[in-house]
Amino acid sequence: MSTQNLESAAVTNTVENTTESTVGTARVKRGMAEQLKGGVIMDVVTPEQAKIAEDAGAVAVMALERVPADIRKDGGVARMSDPDMIDGIISAVSIPVMAKARIGHFVEAQVLQSLGVDYIDESEVLTPADEAHHIDKWAFTTPFVCGATNLGEALRRIAEGATMIRSKGEAGTGNVVEATRHMRQIRSDVKRLGTLDEAELFIAAKELRAPYDLVKEVATLGKLPVVLFTAGGIATPADAAMMMQLGAEGVFVGSGIFKSGDPAKRAQAIVKATTFHDDAETIAKVSRGLGEAMVGINLDDLSDNQRYAGRGW
Amino acid sequence: MSATPTIGVLALQGDVREHTHALERSGARVVTVRRPTELDTVDGLVVPGGESTTMWKLAEAFEVLEPLRKHIASGMPAYGSCAGMIMLADRIEDGVQGQKTIGGIDMTVRRNAFGRQVDSFEAGVTVTGVDGGPFDAVFIRAPWVESVGAGAHALGHVATGERAGRIVAVRQGALLATSFHPELTGDTRIHRLFVDMVKGHA
């Protein structure tokens, strides 16, 4: 079923039963992401870090066991976090808490839903659990965010039930170059659809390997049908602002905050720069005296199997 | 005032675009507001849905909280949905330590009262004074109103279920607030009501 049909089915359902209440509808899931727009979602590994993020003005935190920079360093299989750790973070803050499941690992997702996390990130930063299938995200009440490097990938995830998309970038590098590439790619793919006629849209759907209904919807809207955030290498206020100017509706910051010299100050600065992304004076002001940024990795120093963006398809 | 009022949407964080569209469809000219000077140019203000703690911190950091309070106190019409309702409340429960609001409506609002995202829901809500049947109301980690003071009127309640009777829409003079998000549904009746309030206020 296309997302449009599903959405209208949910609407019909509630109109017929105005005294009933329904959870987990497409509008409730997509609407949650709309509330996060213009905000910064920060990776945290302890309740203390979660408090620092909340105090800095984060709109949500991403609870995980190790930030991507440490996953890179440590190697091995990266999995869903310990439920105790997620519980600890949920009780430490009052803002939404997200958590990561491995690509295709629907049982990790079931566990995260049972813990009451507010959004599940089916994430390439963790080691994929299935090399053919992503999670059937329609089966869940909890909404999902997924990574994408281009429009076709984004629409395939939306067809599977994702209600929020983020650029993949290259997590744990502190290097924004891949996030830039993915944001520009998605933007230019969307623009291109707007220039096509009806007959060409069928071919575009085939080329994008995405459902025609969604391709048509993007061509009409001039944007993705769900919220688009950026992720993967954002380390400075200027990085965040650049992504916003490239069309991101909000920012995920992973290792960039808690791998820096003064996390609280940097976190606040990135929050401010995201809101005032089109105001260079404000970005300059908040960029002063932030201390050490995370060291970062040049992408040329990563072999193909060290790149996370290629995970998922 | 001219037939087309200018309404500002507080654009610190949240679903600014959805409110902008709903207001434009309801006959308003819309501008975004992030700075005190921008507040001087509008006839009314919408505080969008989003994260109230983030909005509060940004409003304080960029010195727009006091100007917002001043404009509301001197009678500027305002409408807030969800986090916007929290921002327009005189008193809040379950906020973070030290959390401040703009205030203006004599009510106590409980933040995240309806629960986490897994509990977010759609339900029918009838709003007093708005014709056309119940709203297909969308609640997202939504607040509810614990109590309203003498000057404020409860306009809408959850009809049935375990949350029956909870106040989810309030008006006090030129100030309006809903726990739910009409901006996400394409139903512009609340925004039309607010545009009329702004026109009537001039």
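Side chains are part of it too, since the values below use all heavy atoms of this structure and drop only hydrogens, waters and symmetry mates. Proteins get letters first, then strands, A, B, ... in listed order; numbering begins at 1 in each.
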Chemist: Ignoring hydrogens and angles, tell me if any N or O in the side chain of Thr275(A) forms a donor-acceptor pair with the backbone of Leu12(B) under 3.5 Å.
Modeler: yes
Chemist: Measuring from atom NZ of Lys51(A) to atom CD of Gln97(B), what distance do you get when rounded to the nearest 0.5 angstrom?
Modeler: 7.5 Å
Chemist: Using a cut-off of under 4.5 Å on heavy-atom pairs, state which of Asp55(A), Val227(A), Val93(A) scores highest against chain B.
Modeler: Asp55(A)
Chemist: With only heavy atoms counted, which part of Ala58(A) is less than 4.5 Å from chain B, the side chain, the backbone, both or neither?
Modeler: backbone
Chemist: Return the CD1 to CZ distance between Ile140(B) and Arg27(A), rounded to the nearest 0.5 Å.
Modeler: 9.5 Å
Chemist: Looking at Glu183(B), Arg163(B), Arg111(B), Met55(B), which one has more heavy-atom pairs under 4.5 Å with chain A than the rest?
Modeler: Arg111(B)
Chemist: What part of Ala11(B) is in contact with chain A, defined as an atom under 4.5 angstrom from a non-hydrogen atom: side chain, backbone, both or neither?
Modeler: backbone
Chemist: Ala61(B) and Lys272(A): which non-hydrogen atoms are nearest, and at how many Å?
Modeler: CB-CE, 3.6 Å
Chemist: Are there more than 12 heavy atoms of other residues, nucleotides or ligands under 6.0 Å from atom CZ of Phe106(A)?
Modeler: no
Chemist: Measuring from atom OH of Tyr119(A) to atom CZ of Arg116(B), what distance do you get when rounded to the nearest 0.5 angstrom?
Modeler: 14.5 Å
Chemist: Is chain B contacted by the side chain of Phe140(A), its backbone, both, or neither, given a heavy-atom distance below 4.5 Å?
Modeler: neither
Chemist: Is it the backbone or the side chain of Leu184(B) that comes under 4.5 Å from a heavy atom of chain A, or both, or neither?
Modeler: both
Chemist: Looking at Glu51(B) and Lys37(A), does any basic side-chain N land under 4.0 Å from a carboxylate oxygen?
Modeler: no
Chemist: Side chain from CB out, backbone as N, CA, C, O: work out which of these in Ala60(A) comes under 4.5 Å of a heavy atom of chain B, or both, or neither.
Modeler: neither
Chemist: Output, in order, the C-alpha distance, side-chain angles, deciding distance and verdict of salt bridge (Lys or Arg N to Asp or Glu O under 4.0 Å) for Asp279(A) and Arg34(B).
Modeler: CA-CA 11 Å; Asp279(A) 178 346; Arg34(B) 290 179 298 183; 6.0 Å; no
Chemist: Within the 4.5 Å heavy-atom criterion, are Asp119(B) and Val23(A) side-chain neighbours or not?
Modeler: no
Chemist: How many angstroms lie between atom CZ of Phe121(B) and atom OG1 of Thr25(A), to the nearest 0.5 angstrom?
Modeler: 11.0 Å
Chemist: Side chain, backbone, both or neither: which part of Val118(B) has a heavy atom under 4.5 Å from chain A?
Modeler: both
Chemist: Would you mind checking which part of Glu54(A) comes under 4.5 Å of any heavy atom in chain B, side chain (CB onward), backbone (N, CA, C, O), both or neither?
Modeler: both
Chemist: Look up atom CG in Asn112(B) and atom OG in Ser94(A), then write down how far apart they are to the nearest 0.5 Å.
Modeler: 6.0 Å
Chemist: Let me know if Thr185(B) has heavy atoms under 4.5 Å from chain A in its side chain, its backbone, both or neither.
Modeler: both
Chemist: Between Gln35(A) and Gly50(B), is there a donor-acceptor pair closer than 3.5 Å when you use the side chain of the first and the backbone of the second?
Modeler: yes
Chemist: I need the single residue from Thr142(A), Thr141(A), Val28(A), Val97(A) that forms a side chain to side chain contact (heavy atoms under 4.5 Å, CB included) with Gln117(B). Which is it?
Modeler: Val28(A)
Chemist: Which one wins on heavy-atom pair count under 4.5 Å against chain A: Val96(B), Val158(B), Thr53(B), Asp94(B)?
Modeler: Val96(B)
Chemist: Quick one: of Ile95(A), Val117(A), Leu36(A), who has the most non-hydrogen atom pairs under 4.5 Å with chain B?
Modeler: Ile95(A)
Chemist: To the nearest 0.5 Å, what is the distance between CD (Gln13(B)) and OG1 (Thr274(A))?
Modeler: 10.5 Å
